[in-house]
Amino acid sequence: MTTQQTQPQIDAPALVFPTDFVWGAATSAYQVEGSTSTDGRGTSIWDTFVRQPGRVLGGDDADVAIDHYNRYREDVAIMADLGLTAYRFSVSWPRIQPKGAGEVNQAGLDFYRRLVDELLDHGITPWLTLYHWDLPQALEDLGGWPVRDTSKRFADFAACVHQALGDRVRNWSTVNEPWCSAFLGYASGEHAPGRRDPQSAVRAAHHLNLAHGLAVQALRAQGAGAQIGGSVNLYAITPAEDTPEDLDAARRIDGLQNRFFLDALLKGSYPEDVLEDLSKVAAIDFIEDGDMKTIGTPFDTLMVNYYSRFTVSGKPGGAASAAAAPTGAGSPWPGSEDVSFVNGGRPVTAMGWEIDDAGLLEVLQRVHREYPGIPLVISENGAAFEDVVEEDGQVNDLERLAYIEAHLRTCHAAIEAGIPLKGYFAWSLMDNFEWAWGYGKRFGIVYVDYPTQRRTPKASAAWYADTIRQGGLRAPAE
């Protein structure tokens, strides 16, 4: 594995960010909370998935995770020590509605009330995500996201959470990375619920978009105070060579990864070429009158999750991606299973993801150019590396530090270029349960010793805290 190590400059002028720039870190409920059967919480699709042999490396589960449910006060204190101005977290749908509909579990809502109050007491702004992949199992038993009714249940859930927390939480996002829920959950089977049905995956993608639109409307109906975001994971896409096969592969992957969601949320339509591609694997009969207008309901902030670049080829027999799924899952690309993901020759993280901060600027420029007017926030950005605890107990994660620094420099360049970028959330605040990878991959700026649950801020956390305190970055040496 090739990586780069750099030290931050210490004596150059600062690259100053706007005074209202949001400095945050992010987590998700299933990855950190634990307490999966505590205080009336219901079963999620991930609780079911981790019990199936071979689904998660090492047979890991998130029954304890990093025990954030019980240790949230300690964790908020760490956030305050780092100087974070915002914390992005998700709420667990089955903790609040154990059956996915109907009766509300007040004990679950009370946990989030306590968490929000703790954040506010420490001067940290809560950014709440309504869905980060933990669908109640009861709804999956009724068909899950491929079924239209799940979108309606999600809107009801959104209204329930907003009614309880809307007086204290101003920043909301709807569905985190619908691409992952649809195509990793229902096409490749790498994520819960683990189905391999491309036609169901396409329907799920539409209903996740519909859930977003319905949730925006539900939140708006309860008052004008909420700032609402839609969250997408975007990639810069590069053809391996300038050939018709590779150019078409890039078009197809860009369409399914980026444009299918951006066009829907920000234009209220699907790209015709993407629908044509998908028609080869699914009947496009699930789009009902009014759906696209609902999906395109205006919202306030586009939340961009960015990690890497894809280099793709349409040539038969192309090389496999270095970032293959850990458990031998299928393809998450309905209608484009023949596309190869190739190594572009860049340094990679422990996940095999290529490090390309220039791709972030490319993505932001594209969104600003093609979907102008909407403010942007980097809602996830980070990297897994092989962290080592030194004899003195410190974790000198210089590779992660360099990764975050490079991407923040790109954020500054975007702002200087006139792109309305309003904030940055490091992924993730702490090491946690990394889905099908179990506990084998660490993304946190805070190290977690899983047997003891001891938290130790890494070198990247100390650097990030200094960056927040000084309000910007040191310029690179000439």
Side-chain angles (χ1 to χ4, degrees), residues 17 19-35 65-92 111-129 132 165 168-173 176 227 229 231 303 305 377-383 387 394-395 397 400-401 403-405 407-408 411 422-433 442-450 452-472:
F17 282 70
T19 55
D20 60 351
F21 191 77
V22 176
W23 299 96
T27 65
S28 84
Y30 192 74
Q31 293 178 275
V32 300
E33 285 180 2
S35 297
I66 61 169
D67 198 26
H68 181 65
Y69 188 80
N70 296 306
R71 298 171 183 264
Y72 69 93
R73 290 187 177 89
E74 174 188 354
D75 295 338
V76 172
I78 291 172
M79 299 178 213
D81 287 344
L82 295 179
L84 298 185
T85 64
Y87 173 51
R88 179 178 177 241
F89 63 96
S90 74
V91 294
S92 167
F111 166 69
Y112 296 108
R113 291 187 179 102
R114 294 192 300 271
L115 173 60
V116 167
D117 287 347
E118 192 75 11
L119 290 166
L120 294 174
D121 286 347
H122 284 79
I124 300 169
T125 301
W127 285 58
L128 187 151
T129 297
H132 199 129
L165 298 174
R168 284 162 284 184
V169 177
R170 186 164 184 259
N171 296 283
W172 299 74
S173 63
N176 179 74
Q227 292 292 301
S231 175
M303 305 181 72
N305 296 354
V377 166
I378 303 302
S379 43
E380 289 184 24
N381 176 246
D387 296 328
Q394 300 302 304
V395 181
D397 60 333
R400 181 175 296 104
L401 187 160
Y403 180 101
I404 295 174
E405 181 182 8
H407 286 78
L408 277 172
C411 290
K422 304 300 183 181
Y424 176 92
F425 289 82
W427 183 273
S428 62
L429 175 64
M430 293 174 287
D431 297 331
N432 53 51
F433 178 80
R442 295 178 178 270
F443 277 84
I445 60 173
V446 175
Y447 186 91
V448 178
D449 179 68
Y450 298 121
T452 66
Q453 295 294 342
R454 179 182 174 86
R455 277 88 156 122
T456 302
K458 304 174 188 178
S460 59
W463 177 88
Y464 192 40
D466 286 341
T467 299
I468 295 170
R469 278 191 288 270
Q470 67 190 13

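- Of the possible donor and acceptor atoms, one in the side chain of Y464 sits under 3.5 Å from a partner among the backbone N and O of G24.
- The side-chain heavy atoms of M303 and E380, taken from C-beta on, include no pair separated by under 4.5 Å.
- Inter-residue side-chain proximity for L120 and P126 is flagged as met; some heavy-atom pair is nearer than 4.5 Å.
- Of the inter-residue distances, the one linking D75 atom CG with Y69 atom OH reads 14.5 Å to the nearest 0.5 angstrom.
- When side chains are defined from C-beta on, L408 does not count as touching E405, because their heavy atoms never get closer than 4.5 Å.
- Residues W127 and R170 are not in side-chain contact: their nearest non-hydrogen atoms beyond the backbone lie 4.5 Å or more apart.
- One distance of note links CZ of R73 with CG of L119; it measures 11.5 Å at 0.5 Å rounding.
- Judged by distance alone, the side chain of Y30 and the main-chain N or O of S92 form no donor-acceptor pair under 3.5 Å.
- Using a 4.5 Å cut-off on side-chain heavy atoms (C-beta onward), H68 and L115 make contact.
- Under the 3.5 Å distance criterion, the side-chain polar atoms of R442 are matched with a main-chain donor or acceptor of V448.
- Looking at Q227, its side chain never comes within 3.5 Å of a backbone N or O of N171 through a donor-acceptor pair.
- The aromatic rings of Y87 and F89 sit parallel, their planes meeting at an angle under 30°, below the 60° perpendicular limit.
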Please assess Y112 against V169 for the test side-chain contact (heavy atoms from CB on, under 4.5 Å), listing each intermediate value before the final yes or no.
CA-CA 11 Å; Y112 296 108; V169 177; over 6 Å; no
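- Taking the side chain as every heavy atom from C-beta outward, D449 and T456 never approach each other to under 4.5 Å.
- By the 4.5 Å heavy-atom criterion applied to side chains, N381 and Y403 are counted as neighbours.
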Evaluate the ring pair (Phe, Tyr, Trp, His ring centres under 6.0 Å) criterion for residues F21 and Y424: first the C-alpha distance (whole Å), next the side-chain angles of each, then the deciding distance (0.1 Å), finally the verdict.
CA-CA 8 Å; F21 191 77; Y424 176 92; 7.5 Å; no
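- No donor-acceptor pair under 3.5 Å is formed between the side chain of T85 and the backbone N or O of V22.
- Salt-bridge annotation for D67 and R71: present, with a side-chain N of the basic residue lying under 4.0 Å from a carboxylate O of the acidic one.
- Heavy-atom neighbours of R469 CZ from other residues, nucleotides or ligands within 6.0 Å: above the threshold of 12.
- In this structure the side chain of N305 never reaches within 4.5 angstrom of the side chain of F425, judged on heavy atoms.
- For the atom pair I445 CD1 and W427 CH2, the distance stands at 12.0 Å (nearest 0.5 Å).
- In this structure, N432 contributes its side chain and M430 its backbone to a donor-acceptor pair below 3.5 Å.
- Proximity of a side-chain donor or acceptor of S28 to a complementary backbone N or O of H132 within less than 3.5 Å is not detected.
- The pair R400-D387 meets the salt-bridge criterion, since a charged nitrogen lies less than 4.0 angstrom from a carboxylate oxygen.
- The main-chain N or O of G444 is found under 3.5 Å from a side-chain atom of D431 such that the two form a donor-acceptor pair.
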I would like to know whether W463 and K458 meet side-chain contact (heavy atoms from CB on, under 4.5 Å); could you show each step before the answer?
CA-CA 9 Å; W463 177 88; K458 304 174 188 178; over 6 Å; no
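- With 3.5 Å as the limit, one finds no donor-acceptor pair spanning the side chains of T129 and N176.
- For the atom pair E74 CD and I78 CD1, the distance stands at 5.0 Å (nearest 0.5 Å).
- With Y447 as the aromatic partner, R455 does not meet the cation-pi criteria of under 6.0 angstrom to the ring centre and within 45 degrees of the ring axis.
- Remark: the backbone N or O of A459 is paired with a side-chain donor or acceptor of D397 at under 3.5 angstrom.
- Expressed to the nearest 0.5 Å, how far OG of S173 lies from CG of L128 amounts to 7.5 Å.
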